[in-house]
Amino acid sequence: MIQITFPDNAVKEFDAPPTGMDVAKSISEGFARNCVAMEIEGQALDLGAVIEKDSAVSFIMAKDDKGLDILRHSSAHVMAEAVLNLYPDAKLTIGPVVEDGFYYDIDMAPVSEADLEKIEAEMKKIIKAKAGFERRVVTRQQAIDLFADNPFKVELINELPEGEEISLYQNGKFVDLCRGPHIPNTGMIKGVKLLKTSGAYWRADQSREQLQRLYGISFFDKKKLNAYLTMIEEAKKRDHRKLGTRLDLFSFHDEAPGMPFFHAKGIAMWNALLDYWRMEHKKDGYVETKTPVMMTRQLWEQSGHWENYRENMYTSTIDDEEYAIKPMNCPGGMILFKTKSHSYKDLPHRAGEIGLVHRHELSGALSGLFRVRAFHQDDAHIFMTPDQIQEEVLNVLKLAERVYARFGLSFHLELSTRPEKSIGTDEQWETATNGLRNAIEAYGQEFMINEGDGAFYGPKIDIHIKDALGRTWQCGTIQLDMALPERFDLTYKGADNEKHRPIMIHRVVYGSMERFFGILVEHFAGKFPLWLAPVQAVILPINQELAPYAKEIQHLLAVHDIRCEVDERSETLKKKIREAQLDYIPLIITIGDKEKEDKVLSVRTLDGKVKMGVTHKEFLTKVCTHIRDRVLEGIEL
RNA sequence: GCCCAUGUAGCUCAGUCGGUAGAGCGCUUCCUUGGUAAGGAAGAGGUUCACCAGUUCGAUUCUGGUCAUGGGCUCCA
């Protein structure tokens with residue numbers, strides 16, 4: 001007699017040791033159909049496993065995250081099987097589940113798009129067979145013998161800790177080394193798609209074998225797959241590189257790889273972002289500073305960058321003296337701090353800098369505005385006494401919250417603590433880490449802790465924003481620095497008339513202006529809020545006689561700080577409207593004789609609605625207020 | 001930096017099984033003077049197909065290299 005206890009404490013008895021599937025079916029057939037695996041004493045097991053003794057059992061369902069992971073892991077097996085069917089010489093290595101699907105690293109010839117389709121078709125055959133995954137436990141030697149022709153698997157087997165059960169999973173003829181668990185049968189994979197391939201090194205080690213990584217995604221429900229594919233399509237349509245070209249915002253050129261050229265319209269947006277930034281920072285007591293782009297080697301040696309960041313720095317020799325182009329703003333900030341003596345009464349000292357930095361990123365890492373070699377950080381260095389840490393960090397968090405909310409971005413926080421390789425005393429780290437932790441707790445938002453992920457010079461808080469498609473991006477960061485004040489011997493005079501070492505934080509909110517710009521393009525899909533839109537209004541005269549009057553109106557808007565163009569081409573009104581809509585211009589103003597006579601405007605907004613007979617005064621008041629308040633939503637006239 | 005793919009007019013792309021290139025949009029001019037998502041016609045535009053070599057009578061097309069872009073890996077004091 002076996003007693004099974006369910007999560008709700010209900011108990012069921014079985015005459016003979018049941019499998020998980022038996023137990024699931026005893027609840028109902030429908031329930032069993034949605035079961036993926038089960039959990040006993042915190043261990044995930046196949047539904048096919050026999051329960052030998054009285055146990056508390058909970059089921060992992062298709063709707064659970066864990067269930068989806070299991071499905072995807074099984075999908076990786078199916079993909080591996082399909083590859084082996086088509087390419088018998090391929091050697092499998094590892095095939096884990098990742099955030100967005102699964103992959104399998106395989107030692108084989110490079111795979112093309114067409115090959116991917118073939119593999120996917122083969123997978124569908126396997127899925128149709130609805131075969132189960134059979135688990136088998138073997139000895140280490142048996143496993144090694146079985147995978148004798150696959151050095152990768154042998155390496156993995158040899159690394160398995162002594163005493164660990166070595167299990168194999170068989171699906172059809174295909175056998176793979178695997179811990180499990182797996183779905184009851186391949187028929188549960190209702191939607192699967194292979195997405196892309198890439199090279200990857202065995203064990204992520206450049207000196208090891210180059211493998212082919214095949215990426216795929218799968219779902220229990222075909223509709224979910226379609227929704228996912230639609231989301232990818234949507235993301236492609238929003239691609240900031242495409243929109244950046246179409247909306248005439250920025251471009252890249254061979255003459256400066258990884259360094260964007262901003263066009264007039266891009267800079268209009270850029271300046272709107274900066275105006276806003278300056279306003280928020282002034283409110284919070286920041287001053288703005290600027291330090292040189294290029295400074296001597298000596299400075300970088302003092303800061304430690306020459307030793308630790310050299311390979312990413314651009315250097316140059318002038319008049320027999322070595323210089324480096326700054327990859328970070330902090331050393332310049334140190335020099336600025338030292339231009340005068342400081343009293344504890346002046347602290348905290350908040351010095352902002354929109355600093356242009358250059359970092360020589362690997363050529364293969366460059367990607368639109370998201371990964372560039374030259375970018376502007378909305379940096380600031382805050383110098384303070386140790387007991388000001390918590391409040392200052394809290395202030396930065398509140399500032400970041402205001403800024404992100406302005407764009408309709410939510411965010412979450414992650415705290416990174418002391419890494420193995422680090423400088424400073426235990427006591428310093430404790431003060432610093434507690435300061436950050438207390439600040440987040442005072443702020444009152446949940447946060448993740450990344451143990452050991454801090455910089456070697458201090459702990460940090462990273463702020464990850466979430467965009468309109470649900471993608472997250474790390475933008476803001478607040479880093480405590482215990483190294484630079486030491487290296488530059490920064491001091492302030494305390495109330496005790498003694499010299500003290502200030503605590504310093506580096507912080508950014510946008511992060512990289514360029515990257516944030518790119519994120520905004522994708523977040524808004526090019527349809528920017530009015531205050532940010534590169535062209536806020538376009539004026540369309542219905543015929544050419546009205547062009548001079550249209551220009552008068554343009555002038556009227558321009559003196560009210562509205563970014564405005566006139567489309568005086570000899571095209572039909574329909575066509576000009578269509579093009580203005582496709583350029584996502586928030587205000588489309590048509591000018592005819594009526595408007596001229598009555599001194600009114602007809603205004604079409606992005607939603608396609610047209611409001612006729614808006615007086616000039618009414619228009620200017622509403623639009624200027626809307627822009628001044630940086631309203632996220634569309635304007636109602 | 002590594003693997004794979006791509007690189008043709010300002011933009012999006014077609015094409016040449018090796019015989020010195022085409023479309024749509026955009027641009028210019030003309031006709032149309034239009035009332036809320038594409039009016040019509042003509043024309044210009046490629047130092048000739050990213051760059052440099054090689055094979056060939058002949059290369060944009062084949063081969064090799066370089067550069068750039070994209071996807072990933074890696075890196076991220």
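Chain naming here is simple, since letters A, B, ... match the order of the sequence lines and numbering starts at 1 in each.
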**Q** Return no unless some side-chain N or O of A:R604 is found under 4.0 Å from OP1 or OP2 of B:A37.
**A**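 Indeed, a polar side-chain atom of A:R604 lies that close.
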**Q** Please check the phosphate of B:C11 (OP1 and OP2 only) for any side-chain N or O of A:T245 closer than 4.0 Å.
**A**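 No.
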**Q** Across all strands shown, which nucleotide pairs with B:A50 by Watson-Crick or G-U wobble geometry, both distances under 3.5 Å?
**A**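 Across all strands, the one nucleotide that pairs with B:A50 is B:U66.
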**Q** Taking 4.0 Å as the cut-off, does a side-chain nitrogen or oxygen of A:Y584 come that near to OP1 or OP2 on B:A37?
**A**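 Negative; the distance criterion is not met.
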**Q** Sticking with atom P, work out how far B:A68 lies from B:U60, rounded to a whole angstrom.
**A**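 Roughly 23 Å separates the two P atoms.
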**Q** Using a cut-off of less than 4.0 Å, is there contact between a side-chain N or O of A:R569 and OP1 or OP2 of B:C27?
**A**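 Checking B:C27 against A:R569, a side-chain N or O does come within under 4.0 Å of OP1 or OP2.
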**Q** Considering only the C1' atoms, how many Å lie between B:U12 and B:G72, rounded to the nearest integer?
**A**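 Pairwise C1' distance, B:U12 against B:G72, rounds to 26 Å.
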**Q** In whole angstrom, give me the gap between the C1' atoms of B:G26 and B:G46.
**A**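 My reading of the C1' atoms in B:G26 and B:G46 gives 16 Å.
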**Q** Taking B:C73 as the reference, what is the distance to B:U66 when you measure between their P atoms (whole Å, please)?
**A**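 Taking atom P in both B:U66 and B:C73, they lie 24 Å apart.
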**Q** Under 4.0 Å: is that the gap between some side-chain N or O of A:R241 and OP1 or OP2 of B:G70?
**A**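 Yes, A:R241 has a side-chain N/O under 4.0 Å of OP1/OP2 on B:G70.
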**Q** Hey, can you tell me if A:Y104 and A:H77 have their rings parallel, tilted or perpendicular (30° and 60° cut-offs)?
**A**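 Aromatic pair A:Y104/A:H77 classed perpendicular.
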**Q** Does the distance from a Lys or Arg side-chain N to an Asp or Glu carboxylate O, for A:K237 and A:E234, drop under 4.0 Å?
**A**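 Salt bridge between A:K237 and A:E234, a charged N being under 4.0 Å from a carboxylate O: yes.
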**Q** What I want to check is whether an N or O donor and acceptor connect the side chain of A:S367 with the base of B:U69 at under 3.5 Å.
**A**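 Absent.
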**Q** Return the nucleotide paired to B:U29: Watson-Crick means purine N1 to pyrimidine N3 with N6-O4 or O6-N4, wobble means G-U with N1-O2 and O6-N3, both under 3.5 Å.
**A**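 Matched B:U29 with B:A41 under the 3.5 Å cut-off.
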**Q** Would you tell me if any nitrogen or oxygen in the side chain of A:K596 comes within less than 4.0 Å of OP1 or OP2 on B:G35?
**A**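 No, no such contact exists.
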**Q** Is there a donor and acceptor pair closer than 3.5 Å between the side chain of A:E595 and the base of B:G35?
**A**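 A donor-acceptor contact between them is present.
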**Q** Could you tell me how far B:G45 sits from B:G22 if I compare only their C1' atoms? Round to whole Å.
**A**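 Nearest-Å result for B:G22 against B:G45 at atom C1': 13 Å.
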**Q** Scan side-chain atoms only and decide if A:E514 and A:H376 contain a donor-acceptor pair under the 3.5 Å cut-off.
**A**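 Indeed, the side chains of A:E514 and A:H376 share at least one donor-acceptor pair under 3.5 Å.
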**Q** Would you tell me if any nitrogen or oxygen in the side chain of A:T590 comes within less than 4.0 Å of OP1 or OP2 on B:U36?
**A**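 No, because none of the side-chain N or O atoms of A:T590 sits under 4.0 Å from OP1 or OP2 of B:U36.
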**Q** What is the separation between atom CZ on A:F252 and atom C1' on B:A50, rounded to the nearest whole Å?
**A**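 Roughly 18 Å, once rounded to whole Å.
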**Q** Examine B:U36: is either OP1 or OP2 under 4.0 Å from a nitrogen or oxygen in the side chain of A:K574? Give yes or no.
**A**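 The answer is no; no side-chain N or O of A:K574 sits under 4.0 Å from OP1 or OP2.
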**Q** Would you check if there is a donor-acceptor pair between the side chains of A:E522 and A:H240 at a distance under 3.5 Å?
**A**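 A donor-acceptor contact under 3.5 Å links the two side chains.
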**Q** Which class fits the ring pair A:W473 and A:F370: parallel under 30°, tilted 30 to 60°, perpendicular over 60°?
**A**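 Ring orientation, 0 to 90° scale: tilted.
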**Q** Check whether any side-chain N or O of A:R578 sits under 4.0 Å from OP1 or OP2 of B:G39, and answer yes or no.
**A**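 So the side-chain polar atoms of A:R578 never come under 4.0 Å of the phosphate oxygens OP1 or OP2 of B:G39.
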**Q** Measuring only the C1' atom in each nucleotide, how far is B:C62 from B:C17? A whole number of Å is fine.
**A**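 About 12 Å, rounded to a whole number of Å.
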**Q** Once the angle between the rings of A:F517 and A:F262 is folded into 0 to 90°, is it parallel (under 30°), tilted (30 to 60°) or perpendicular (over 60°)?
**A**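 Perpendicular, since the angle between the ring planes exceeds 60°.
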**Q** For nucleotides B:A44 and B:C57, find the distance between their C1' atoms and express it as a whole number of Å.
**A**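 The same atom, C1', in both gives a distance of 35 Å.
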**Q** For B:U63 and B:C25, measure between their P atoms and round to the nearest Å.
**A**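 My reading of the P atoms in B:U63 and B:C25 gives 35 Å.
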